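Per chain, numbering begins at 1; letters A, B, ... match sequence-line order. Computed from a prediction, not measured in an experiment: that's the story for all the values here.
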Number of protein chains: 2
Amino acid sequence: MIFDSPAVERLIEAFRRLPGVGKRSAERLTMHVLTAPPEEAQALSEALADARTRIRTCSTCCNLTETDPCRQCTDPRRDHTTLCVVERPSGAMIIEKGGAYSGLYHVLHGVLNPLEGIGPSELRMDRLMKRLDCGGIREVIIATNATAEGEATALYLSRQIGKLGIRVTRIAHGVPMGGGLEFADDATVSRAIQGRTPL
Amino acid sequence: MIFDSPAVERLIEAFRRLPGVGKRSAERLTMHVLTAPPEEAQALSEALADARTRIRTCSTCCNLTETDPCRQCTDPRRDHTTLCVVERPSGAMIIEKGGAYSGLYHVLHGVLNPLEGIGPSELRMDRLMKRLDCGGIREVIIATNATAEGEATALYLSRQIGKLGIRVTRIAHGVPMGGGLEFADDATVSRAIQGRTPL
């Protein structure tokens, strides 16, 4: 305990729980907050409490939202015949920022992981299947991560959804844009070759 | 606005104001906080508010503390004849963690910077000089950073303190421990040569 202050220690510990923040970073952030104008710490403190209170999950797509159903689910300008399935809200955010997609989303809040006891009933798959049962969706794009669990989840979903006669697709995996072959790992290069498209 | 939520936007903005946190990191931290158990965001929110309320600067050494005077200033086991001058509270924390120092500290809360209008009166130098006037200090170690401003501040202080007949020293600068010459920049190598010590 460097400053002999439990309050400072608690703040360092709270910062450390954030992703990508180690002991040194947590100490640096704490020092910053304590020496910056008090309004800054107050703004962060209030924004945290406020966001956590206001934000819930949409009862339709399970994405994070202030209103239920969320603005995306009720936006008439979006394509209501296409659904993109992502692992987490951050996935939907990243695809949204890409700007190439204007359909709806469905957030699973996880992936299948039998070793950790996460099966279909632990994810929001029942809600996804109910949504598809209601009709109107013509294509489901599966955008789970390219990990073993993400791939297994994609395969499981494609089988379940295929039974309903709905088209199931997977986002492309390959060499990132702007990146040369030199920087891609073996699995990515292998996938890029397998997934080649006609020019 | 990706989630169409002012609360989320405010939280992203608040995270961005932290040092070393860019737009993407702020979004990642926000997503984490919103999907992690609610207690986590609450703990960080409360720790921020609590630390900012409890922590003040010690009226003796100007370091951050919960009690005034701070525990270091009143600790009888510390060497009360040696004073280490640092730019910021983080400097005192880092030296304290090094474990080689058991004297007292004085935090300037900045360095001389005439271009930004920061002169001796903008720093806690008056308090430092008053402290030295009271007697008892036999050595002042200046540990300001090795930047142009830090060096200028060290020189200014050494002149002022020298007039009082107190020994003034500067922490050593050179090649970091565990680091080879290959990784040191020219200025560091040059300083390491100048500051060589007999073996």
Joint hydrophobic cluster, B:Ile12 plus B:Leu29, side-chain heavy atoms closer than 4.5 Å:
no
Any side-chain heavy-atom pair of A:Glu66 and B:Pro6 under 4.5 Å:
yes
Test side chain to side chain contact (heavy atoms under 4.5 Å, CB included) on A:Arg28 and B:Met93 and set out the steps.
CA-CA 10 Å; A:Arg28 211 184 58 236; B:Met93 186 178 77; over 6 Å; no
Which atom names give the shortest non-hydrogen contact between B:Ala7 and A:Asp50, and what distance separates them?
CB-OD2, 3.8 Å
Quick check: is A:Ile95 connected to B:Val8 through a chain of hydrophobic side chains (ILVMFWY, heavy atoms under 4.5 Å apart)?
no
Taking atom CD of A:Glu116 as the centre, does the number of heavy atoms from other residues, nucleotides or ligands within less than 6.0 Å exceed 12?
no
Any chain of hydrophobic side-chain contacts (each under 4.5 Å) joining B:Leu157 to B:Val107?
no
Are there more than 12 heavy atoms of other residues, nucleotides or ligands under 6.0 Å from atom CG of A:Asp133?
yes
Should B:Ile55 and A:Ser5 count as side-chain neighbours, where that means a heavy-atom distance under 4.5 Å?
yes
Could you have a look at A:Arg17, A:Arg54, A:His109 and say which one has the most heavy-atom pairs with chain B under 4.5 angstrom?
A:Arg17
Dump the intermediate steps for side chain to side chain contact (heavy atoms under 4.5 Å, CB included) on B:His32 and A:Arg88, then the final yes or no.
CA-CA 10 Å; B:His32 170 83; A:Arg88 308 197 169 277; over 6 Å; no
Checking side chain to side chain contact (heavy atoms under 4.5 Å, CB included) for the pair B:Leu64/A:Thr35: CA distance, chi angles, key distance, verdict?
CA-CA 9 Å; B:Leu64 300 178; A:Thr35 49; 4.3 Å; yes
Considering only heavy atoms, which portion of A:Arg10 lies under 4.5 Å from any heavy atom of chain B: side chain, backbone, both, or neither?
both
Got more than 12 heavy atoms from elsewhere within 6.0 Å of CG, A:Asp185?
yes
Same cluster or not: B:Ile141 versus B:Ile137, using hydrophobic residues (I, L, V, M, F, W, Y) connected whenever any side-chain heavy atoms lie under 4.5 Å apart?
no
Can you find a heavy atom in the side chain of A:Leu34 that is under 4.5 Å from one in the side chain of B:Pro89?
no
So which bits of residues 37-48 of chain B come within less than 4.5 Å of chain A, counting non-hydrogen atoms only?
B:Pro37, B:Pro38, B:Glu40, B:Ala41, B:Ala43, B:Leu44, B:Ser45, B:Ala47, B:Leu48
Within one Ile-Leu-Val-Met-Phe-Trp-Tyr cluster: B:Val86 and B:Ile94, side-chain cutoff 4.5 Å:
no
